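Let me begin by handing over the structure; questions about it come next.
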Amino acid sequence: MIKLAFIGYGSVASGLLQVLREKHSEHPFVLTGIHRRQGTAYGPFDSGDPVFGPRALTTGEFLDRCGADVLVELTTLNPENGEPAITHIREAFARKMHVVTANKGPVAFAFDALMKEAEAAGVRFLFESAVMDGAPVFNMVRHNLPGVQVTGFTGVLNSTTKVIIDAMECGASFEDGIRHAQRLGITEENYEFDTQGWDAAAKTAALANVFLGANTTPANVVREGIHGFTAERIRVLAAQGQTVRLVSRGQKTDAGIYLQVKPEILHRQDILASIGGTSNLILLHTDRMGILGTVSISPGVEQTSYGVYIDLLELVRYPSL
Ligand SMILES: NC(=O)c1ccc[n+]([C@@H]2O[C@H](COP(=O)([O-])OP(=O)(O)OC[C@H]3O[C@@H](n4cnc5c(N)ncnc54)[C@H](OP(=O)(O)O)[C@@H]3O)[C@@H](O)[C@H]2O)c1
């Protein structure tokens, strides 16, 4: 039986606990402890909501007491440096624990270093939910495209900007669009992190680190947000059959790796414009398989939680790779 420890107990982690309970007869993972800002809880967690006691003084103390095989890191994204998640992950590797996360920060800021540390510890570092809310991207390449090289990618990966643009097309103001996105619960704590393109830049850096060997950070992504588009302009474009999407692009070229996040004016029939709201799309450019990708229609937090569960199943199947 594989023992798990959670750091972070927000929407994704509580959804994951529900999946673990529903699927217990198929895969009996055992949750040994949950550590969050408000406190710490230790198992068993048979049913009902976990009861939190005083907070463990350090992450190390928590992990030592849990004695788990896998750290499930589900803390809030820190868009500036990926901490404290990176430190949590290192503490787990130091204890020879595998790590599964939905937090894109560690992949965007420290992927190469963390992969090397995981390898040295003989454990795995998995993060399927970090970019497309659990829809297969990293696993698709890992398992379905052996021997294929990804040379670039194009993605529409930030939901908040799509919701704002959709709202403006329907007559709302930029600010109304933000409020609508906030009501849907999809914005970052500071919505400007979405509207100025930082969320998309973090996803772009994460994809570039994993697929293109970029060893980069979000600061190196050429970035422009959607603030230059007023509601009036969006409606004029809509009347012409056009819309705007915040597009992430990454490309390996002879001169190096080029990464950008920019709003693009697209014809309504462009595949990148074909999804709106919280839906996401990524196209991978490859050397052998042309361009192919993944679309996720209106994913919710359940899909993100399930993506983390998929990583746990990956560990059951392939504890080393
Ligand atoms: N929600 C989604 O649909 C989605 C989709 C893709 C990726 N993600 C990523 O998945 C991760 C979790 O998302 P979420 O929606 O579950 O977040 P959330 O609801 O905001 O929960 C975050 C959790 O992290 C805990 N936390 C923050 N700093 C901590 C620290 N220093 N030590 C211990 N715990 C700490 C918080 O503790 P308290 O509860 O005590 O405040 C909270 O339990 C994030 O990185 C997010 O970007 C989420």
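As the structure is a computational prediction, the values presented were derived from the model and not from experiment. When a ligand or atom number is given, it counts from 1 through the structure's own listing order. Only this structure's heavy atoms are used, side chains among them; waters, hydrogens and symmetry mates stay out.
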Worksheet item: Should the heavy atoms of other residues, nucleotides or ligands under 6.0 Å from CZ of R65 be counted, would the total exceed 12?
Response: no

Worksheet entry | Partners passing side chain to side chain contact (heavy atoms under 4.5 Å, CB included) against A68 (at least two apart in sequence or in another chain) | K3, A5, T32, C66, M97

Worksheet item: Are any of the side-chain nitrogens in K104 or D199 under 4.0 Å away from the carboxylate oxygens of its partner?
Response: yes

Item to complete: Output every pair passing ring-ring contact (aromatic ring centres under 6.0 Å, His included) with a member in residues 97-119, not counting sequence neighbours, ordered by first then second residue.
Response: F111-F127

Fill in: Non-neighbouring partners of T216 that pass side chain to side chain contact (heavy atoms under 4.5 Å, CB included), sequence neighbours left out
A205, A208, N209, A214, N220, L259

Worksheet entry | Any side-chain donor near an acceptor of the partner, N139 and E128, under 3.5 Å | yes

Worksheet item: So which protein residues pack against ligand 1 under 4.0 Å, heavy atoms counted?
Response: I7, G8, Y9, G10, S11, V12, H35, R36, R37, Q38, R55, L74, T75, T76, L77, P84, H88, A102, N103, K104, S129, D133, V301, T304

